[in-house]
Amino acid sequence: MKNLSDLLAEGVAGRRVLVRADLNVPLDGDKITDDGRVRASVPTIKALADAGARVIVTAHLGRPKGEPDPKFSLAPAAARLGELLGAEVALAGDLVGESAKSVVAALTDGGVVMLENVRFDARETSKVDAEREALAAELATFADVFVSDGFGVVHRKQASVYDVAKKLPAYVGGLVDAELGVLKKLTDDLERPYVVVLGGAKVSDKLGVIANLLTKVDRLLIGGGMAYTFLKAQGHEVGTSLLQEDQLDQVRGFLAEAEKRGVELVLPVDVLVTSEFGKPEHDVVATDAIPADKMGLDIGPQSRELFASKLADARTVFWNGPMGVFEIETYAGGTRAVAEALVKSEAFTVVGGGDSAAAVRALGLPEDGFSHISTGGGASLEFLEGKELPGISVLES
Ligand SMILES: Nc1ncnc2c1ncn2[C@@H]1O[C@H](COP(=O)(O)OP(=O)(O)OP(=O)(O)O)[C@@H](O)[C@H]1O
Ligand SMILES: O=C(O)[C@H](O)COP(=O)(O)O
């Protein structure tokens with residue numbers, strides 16, 4: 001796999017370099033609430049621009065429905081990237097249309113431009129190879145080489161991550177290289193007890209990794225939106241909480257498998273429930289007493305203590321997914337408890353995921369209190385599973 005240093009050594013002055021970054025940042029309206037992913041993308045882009053490349057950044061934001069939607073514009077990310085680079089980053093009004101063509105044509109050596117949200121084109125995430133390849137071919141016309149630097153998205157077989165790497169000479173970017181280097185420590189002779197903490201909201205995406213994690217971990221702590229499918233599988237009512245009804249059987253299988261393997265699977269014993277998403281008024285209830293008309297938005301005080309105690313003797317910890325809706329102060333306590341337990345811990349601790357990393361910063365915890373804060377949530381989980389990451393294997397082939 002050729003990397004950024006190889007590309008810089010070959011020389012990039014005057015060459016057009018398409019960089020796939022992960023700029024999927026949390027927003028409040030058009031304000032970025034955590035710019036971690038933008039900051040993480042700067043070193044590679046800056047190194048290329050400083051070496052005289054003409055840099056074209058492509059990225060996604062959120063999950064728009066395959067057509068332009070101003071709510072998901074990359075404008076805030078382009079503006080922030082410009083601030084961090086100290087130079088304007090022009091944002092094309094489209095992805096591969098007339099605006100993109102003229103913005104790219106106007107690029108000068110050392111300049112950086114950005115294409116609009118790549119998921120505004122339905123072909124980006126299409127399951128039909130030919131559709132993705134067609135978009136990749138259009139993106140490839142803009143550049144001479146491709147640099148894959150969006151670590152958070154390398155687990156997606158998408159046009160701007162996977163297919164485009166087959167259309168241009170492709171290199172792994174500095175961020176992806178560094179992330180892979182650190183995460184390897186979690187797959188090669190790690191110290192035990194090894195504890196994984198899972199939470200968050202992308203439940204259907206991430207349930208899949210559990211089968212494999214059960215073969216590797218000593219303890220699995222499950223909170224956040226992920227917990228309710230487990231609680232339901234154990235026979236508890238979960239009210240209107242986030243639930244993956246169609247995966248209940250699979251989850252029952254995980255519970256049985258954990259028992260068989262002697263993996264300690266720890267679920268919340270109490271939760272904060274409310275009647276409407278985000279409403280601060282709440283009750284604390286035991287997980288076997290969730291009212292039918294209430295939803296759980298954070299793990300409760302007893303669960304926080306329980307989770308912290310299960311982290312205390314860990315030697316290696318990987319954490320993805322907040323324990324609750326941490327964006328609302330009332331429901332941030334569970335996430336804070338887990339984060340604080342990790343900061344206190346002597347273990348090798350890795351936090352992964354856009355929102356998980358944002359939570360650590362939003363709660364004011366020191367970033368150096370963790371061994372590594374990864375920009376990828378789903379991506380790092382799939383890496384830990386030992387699964388092939390399409391965005392990486394395509395660079396190796
Ligand atoms: N009980 C819950 N109900 C609903 N949403 C929840 C709950 N607990 C946490 N969340 C939400 O989960 C979201 C984060 O989940 P997500 O799985 O996207 O994590 P992540 O760290 O961003 O990982 P990735 O990088 O893979 O997206 C937060 O916005 C948080 O509010
Ligand atoms: O937030 C993430 O995990 C990445 O940006 C990937 O986003 P996705 O889960 O919508 O593909």
Side-chain angles (χ1 to χ4, degrees), residues 20-28 33-34 36-38 40-41 59-65 72 74 77 117-119 124-125 150-158 160-162 179 197-209 222-231 238-244 268 271-274 276-278 282 287 290 294-300 303 318-335 338-339 350-362 373-383 389-391:
R20 178 44 158 117
D22 183 357
L23 303 176
N24 191 18
V25 285
L27 291 176
D28 181 6
T33 55
D34 182 79
R37 279 179 166 162
V38 186
S41 73
H60 75 284
L61 186 100
R63 293 177 172 178
K65 296 195 168 69
F72 294 103
L74 278 171
N117 192 337
V118 67
R119 291 187 183 172
E124 166 71 357
T125 55
F151 178 70
V153 82
V154 290
H155 59 316
R156 303 292 185 211
K157 193 175 183 182
Q158 297 178 349
S160 67
V161 179
Y162 174 81
E179 292 265 21
V197 190
L198 287 183
K202 289 182 184 169
V203 183
S204 64
D205 268 25
K206 294 178 186 173
L207 276 175
V209 306
I222 300 197
M226 180 78 88
Y228 301 93
T229 308
F230 280 80
L231 292 168
V238 296
T240 55
S241 309
L242 213 59
L243 175 66
Q244 210 60 47
V271 285
L272 269 56
V273 294
T274 186
E276 225 175 277
F277 187 86
H282 64 276
T287 41
I290 300 176
K294 298 266 170 88
M295 65 182 72
L297 293 187
D298 195 13
I299 60 170
S303 310
F318 177 79
W319 171 30
N320 168 250
M323 294 295 100
V325 182
F326 74 93
E327 296 91 338
I328 301 165
E329 180 54 35
T330 315
Y331 304 109
T335 304
V338 165
V350 178
V351 185
D355 287 306
S356 310
V360 162
R361 291 185 281 261
I373 300 185
S374 170
T375 53
S380 42
L381 276 171
E382 291 196 18
F383 179 83
L389 301 172

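Every value quoted in this text rests on a predicted model; they were computed, and no experiment measured them. Counting starts at 1 for both ligands and their atoms, following the listed order.
Neither the backbone nor the side chain of Tyr331 comes within 4.0 Å of ligand 1, counting heavy atoms alone. Under 4.0 angstrom from ligand 1, the non-hydrogen atoms of Asn320 all belong to its side chain. Using a 4.0 Å cut-off between heavy atoms, Glu382 makes no contact with ligand 1 at all. Here Met295 has no heavy atoms under 4.0 Å from ligand 1, in either its backbone or its side chain.
Of the inter-residue distances, the one linking Asp298 atom CG with His282 atom NE2 reads 8.5 Å to the nearest 0.5 angstrom. Here the straight-line distance linking atom CZ of Arg20 with atom OG of Ser41 works out to 11.5 Å at 0.5 Å rounding. The structure places CG of Asn117 at 12.5 Å from CZ of Arg63, a figure rounded to the nearest 0.5 Å. Distance check: Arg37 CZ to Leu23 CG gives 9.0 Å after rounding to the nearest 0.5 Å.
Of all atoms in ligand 1, listed by their number and element, those nearer than 4.0 Å to a heavy atom of Tyr228 are 1 (N). For ligand 1, the atoms sitting less than 4.0 Å from at least one non-hydrogen atom of Gly225 are 1 (N), 2 (C), 7 (C), 8 (N), numbered in the order shown with element in parentheses. Applying the 4.0 Å criterion to heavy atoms of Val325 picks out, from ligand 1, the atoms 4 (C), 5 (N), 6 (C), 7 (C), 8 (N), 9 (C), 31 (O). Atoms of ligand 1 found under 4.0 Å from any heavy atom of Gly378 (numbered from 1 in listed order, with element): 26 (O). Close approach of ligand 1 to Arg37 is summarised as follows: ligand atoms under 4.0 Å from at least one heavy atom of the residue are 25 (O). Counting the atoms of ligand 2 from 1 in the order shown, those under 4.0 Å from a heavy atom of Arg63 are 8 (P), 9 (O), 10 (O). With ligand atoms numbered from 1 in the order given, ligand 2 contributes 1 (O), 2 (C), 4 (C), 5 (O), 7 (O) to contacts under 4.0 Å with heavy atoms of Asn24. Here is the list of ligand 1 atoms found below 4.0 Å of a heavy atom in Gly377: 23 (O), 24 (P), 25 (O), 26 (O). Ligand-side atoms of ligand 1 in range of Lys206: 16 (P), 17 (O), 19 (O), 20 (P), 23 (O), 24 (P), 26 (O), range being under 4.0 angstrom from any heavy atom. Residue Ser356 has at least one heavy-atom neighbour below 4.0 Å for each of these atoms of ligand 1: 20 (P), 21 (O). Those atoms of ligand 2 that come under 4.0 Å of a heavy atom in Arg119, given as number and element, are 7 (O), 8 (P), 10 (O), 11 (O).
The distance criterion of under 3.5 Å between nitrogen or oxygen atoms is met by Asp22 with respect to ligand 2. In terms of polar-atom proximity, defined here as any N/O pair under 3.5 Å, Leu242 makes no such contact with ligand 1. Residue Phe277 places no N or O, backbone or side chain, under 3.5 Å from any N or O of ligand 1. When only interatomic distances are considered, the shortest N/O to N/O separation between Arg156 and ligand 2 falls below 3.5 Å. Between Gly200 and ligand 1, no N or O atom pair is found at a separation short of 3.5 Å.
For the ligand labelled ligand 2, residue Arg37 lies inside the 4.0 Å heavy-atom shell. The shortest separation from a heavy atom of Lys206 to ligand 2 is not under 4.0 Å, leaving the residue out of contact.
Gly152 O, 3.4 Å is the protein heavy atom nearest to atom 4 (C) of ligand 2. Scanning the protein for heavy atoms near atom 7 (O) of ligand 2, the closest one is His60 NE2, 3.3 Å. Nearest protein neighbour of atom 3 (O) of ligand 2, counting heavy atoms only, is Lys202 NZ, 3.3 Å.
Contact of the Phe318 side chain with the Leu381 side chain is registered, since non-hydrogen atoms from C-beta on lie closer than 4.5 Å.
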Subject >> side-chain hydrogen bond (donor to acceptor under 3.5 Å, both in side chains) between Glu179 and Ser380, worked out >> reply: CA-CA 9 Å; Glu179 292 265 21; Ser380 42; over 6 Å; no
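Taking every heavy atom of both residues into account, Ala40 and Thr375 meet most closely at CB-CG2, 3.7 Å.
Distances from atom 10 (N) of ligand 1 to the heavy atoms of Gly152, Gly224, Gly324 put Gly324 nearest.
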